[in-house]
Amino acid sequence: MPAEARAIYWFRTDLRITDSPALTKCLAIPNLKSVNFAWCWDPNYIYGHRVGLNRFSFLLESMQSLSDELTKVNKSQKLQVVRGPPEKVLPIMWESWGITHLVFEKDANEYAKVRDARIKKLAEEKGVEVIEVHGRHLYDPEQVVKVNGNKPTMTLHQWQGVAQKIGKIPRPSETPKKLPDPNSTDLKHSKKDEKYKWPGEDLNAEIRTGKDTCYDRMSGPKGDYSVPTMTEMGFSDATTTIKGGTVEGHKRLDTFLGNPEDVATFSKPHTAPTSLEPSTTLLSPYIKFGCIGIRELWWGCKDVIEEWSKTGKGKKTSEPENMFGQLEFRDMYAAAETAQENFQQIRGNAVCRYIDWALQNQYNDKGDLILPRPRDDDEEAEERFAAWREGRTGFPWIDACMRQLKHEGWIHHLARHSVACFLTRGQCYISWERGMEVFDEWLIDWDPASNPGNWMWLSCSAFFAQYYRVYGLVSWPAKTDKHGELVRKYCPELKDFPDKYIYSPHLAPESVQKSSNCIIGKDYPFPILDEHVEKDRCIARLKDAYAVGLHGDAKEVLEGTAKQMLEDKHAETGAGEVKSDKEKKDLKAAEKRKRSGDGNIEDWTTKKQGKKGLGPVEKRDG
DNA sequence: GTTAGAGTTGGGCCT
DNA sequence: CAGGCCCAACTCTAA
């Protein structure tokens, strides 16, 4: 062991000093003389990956807030942001500061695992000791997978079984009351402080309104390694009202925990996706960037509910609908993602069903994803996708959600369900990969495991299979808000419509459109498709896809013959055909006759009687 | 090997 | 009007 230890604490995703097992471990290094808190501003994130202004802005605010917290504990400390890929800039830091230890929080997702493996190898070569500590999830996803027989966790039940075997979730780590000084905040970089040149195409070029000076020097435009600003990256201000930072996150957490009844009776499925003020906690962005610790939230809820239960005021909710269930799902997805390669795409993803969606990812001969995705030959699908993305489908509920998503960087969980179902298995029959990409661009809280996981769930590609349950575009939002407040806010052109037509303005008579100051087809689009015709087609096609039963790792998918296979199947079953309303009516009537026909007696004995012990009952009239 | 019952959060109708 | 029931029929798991 060296006489003096000098550490770098490498911040990556989690931006806080509370509830950090890795930081605790770092500060416990024997003979620790200095710690430098570093962030490597990875060019891949700002050039190689489409990220909306809202997430950039939230991230920068969170970095600044973290830096301020470090300074509060030790005046000579701050977050040192070095512009460049970690594998380039970390070795420069090791050399400059005589570093003996590199400490960071473990990150189990595929991108981070590959990056961290490279860093660990470099560190080993230089004799720098690496300390990697799990802390981002309730349980270490890799450990969960191991206990689960090296298989991805595909049901919550399965995950819970594993969790029980592993043991209790630890209490939050203590927040450090003091921190050692940094070695120095300067780097010996005279030769190396050059402009970093991104080799590929800048995928964020179209949202840049000013000059990008962020990478002019490794030390940043001011030469002091300070947190980048939106202006330095050539970005205009974000539109979101959600402010980042560990301080802001803890404020929100305290507010939530301050209402014990809300915590104890939290029930996700019963919160309204239509409400103007978020009906949920809005903690997800703060969890995504680690502004608050996951154990702070878990134990905060546990303690508050325990106290509340003593008052005997009412019944509390249980898993999976309560807050614990929500956090468990996050862990379940993390464990699934870490075990399953290609989790963010269909191709090569063994847990994902192959469905012949339009606008799937495109790959070159070597099997590499082509980015940015070239325009598809399927013009109708491209047009539907563009309309969905830009909030101009002609379905006010979908459009309002998509506009809110772009503007705020957040929409309610059930609103995400609704727009995801519409884009994929509900109506548009477009690949979930496209939807996932848009969420990645616009959601502040986008997570590399939960997001693809939920897209597979909603598209019935994995985790969920009841594809005949489709969210209504008119009836469903009306259940929680008949007045359509969210639509009136985000689609202001519709604000004068009467409640009756707020989710289906195209059905309003011309006179109503005139008096509502909005002509459908002129001031607001006519629906891009027929909700019910497309729904029936989608269900029929999903049924075919399930019958064929291919998954992303199938030979046919890798060789590119799978799509034709399913098209042949559709031709066989007639799933691609559009049925007129009359045909549907006739079919339904025929079905009904079949059901209420001669088989009636058997029906009663097996179904009704067996279940309830009741015979047929005369229908009450009136 | 078979099968009933459950599965984070659907729609429609009835009470 | 919130809550229960049925619809038609998916997969996974525990018995």
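Naming: A, B, ... by sequence-line order, numbering from 1 per chain.
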- Quote, to the nearest angstrom, the P distance that separates B:dA6 from C:dG4. 16 Å
- Note on the structure: Residues at least two apart in sequence or cross-chain that pass salt bridge (charged side-chain N to carboxylate O under 4.0 Å, His left out) with A:Arg469, listed by chain then number, are none
- Item | Gap between atoms OH and P, on A:Tyr546 and C:dC10 respectively (whole Å) | 10 Å
- Pairs meeting criterion side-chain hydrogen bond (donor to acceptor under 3.5 Å, both in side chains) with involvement of residues 141-159 of chain A, two or more places apart: A:Lys106-A:Glu142
- Taking atom P in both C:dC6 and B:dG5, compute the distance separating them and give it to the nearest angstrom. 14 Å
- Message: Heavy atoms within less than 4.0 Å of DNA chain C: which residues of residues 324-344 of chain A have one? Give them sorted by number.
- Response: none
- Which residues satisfy the side chain to side chain donor-acceptor pair (under 3.5 Å) test with A:Thr240, sequence neighbours excluded? A:Glu408
- Query: Side chains of A:Thr274 and A:Asp481: is there a donor and an acceptor less than 3.5 Å apart?
  - Reply: no
- Which residues pass the side chain to side chain donor-acceptor pair (under 3.5 Å) test with A:Thr424, sequence neighbours left out? none
- Item | Cation-pi geometry met for A:Arg541 and A:Tyr429 (6.0 Å, 45°) | yes
- Message: Can you measure A:Lys543 atom NZ to C:dT11 atom C1' for me and round it to whole angstrom units?
- Response: 14 Å
- Message: Output the rounded distance in Å from CG (A:Asp544) to C1' (C:dA9).
- Response: 15 Å
- Task: Decide, yes or no, whether a salt bridge links A:Arg384 with A:Glu380 under the criterion of side-chain N to carboxylate O below 4.0 Å.
- Result: yes
- Item | A:Leu156 CG to B:dT8 C1', straight-line distance once rounded to whole Å | 8 Å
- A:His417: partners by side chain to side chain donor-acceptor pair (under 3.5 Å), with sequence neighbours left out: A:His413, A:Tyr471
- Query: At under 4.0 Å between heavy atoms, what does A:Arg425 touch on the DNA or RNA strands: base, sugar-phosphate, or nothing?
  - Reply: nothing
- Task: Figure out the CE/P separation between A:Met456 and B:dT8, and round it to whole Å.
- Result: 16 Å
- Message: Taking only the P atom of each, what is the distance from B:dG7 to C:dA8 in whole angstrom?
- Response: 23 Å
- Item | Spacing of A:Asp481 atom CG relative to C:dC1 atom P, expressed in whole Å | 14 Å
- Intra- and inter-strand pairing of DNA chain B, written as dot-bracket with Watson-Crick and G-U pairs under 3.5 Å and | for the latter, reads .||||||..||||||
- Task: State which residues pass ring-ring contact (aromatic ring centres under 6.0 Å, His included) with A:Tyr546; sequence neighbours excluded, sorted by chain then number.
- Result: A:Tyr467
- Could you work out the separation of C:dC7 and B:dT8 based on their P atoms and round it to a whole Å? 24 Å
- salt bridge (charged side-chain N to carboxylate O under 4.0 Å, His left out) against A:Glu390, all qualifying residues, sequence neighbours excluded: A:Arg392
- Sugar-phosphate, base or nothing in reach of A:Asn454, heavy atoms under 4.0 Å: base
- Message: Return whichever of A:Lys479 or A:His157 has its heavy-atom-nearest nucleotide of DNA chain C closer to the 5' end.
- Response: A:Lys479
- Who passes ring-ring contact (aromatic ring centres under 6.0 Å, His included) against A:Tyr333, sequence neighbours left out? A:Phe463
- Task: Write down the distance between NZ (A:Lys482) and C1' (C:dC1), rounded to a whole number of angstrom.
- Result: 9 Å
- Note on the structure: Sequence neighbours excluded, the answer for side-chain contact (heavy atoms from CB on, under 4.5 Å) partners of A:Ala462 is A:Met154, A:Met456
- Message: I want to verify a distance call: between C:dT11, C:dA9, B:dT8, whose nearest atom is closest to the A:Pro320 side chain?
- Response: B:dT8
- Item | Near-strand residues of residues 462-478 of chain A, defined as heavy-atom separation under 4.0 angstrom from DNA chain C | A:Ala465, A:Gln466, A:Tyr467, A:Tyr468
- Item | Between C1' of C:dA2 and NE2 of A:His270, the distance in whole Å | 10 Å
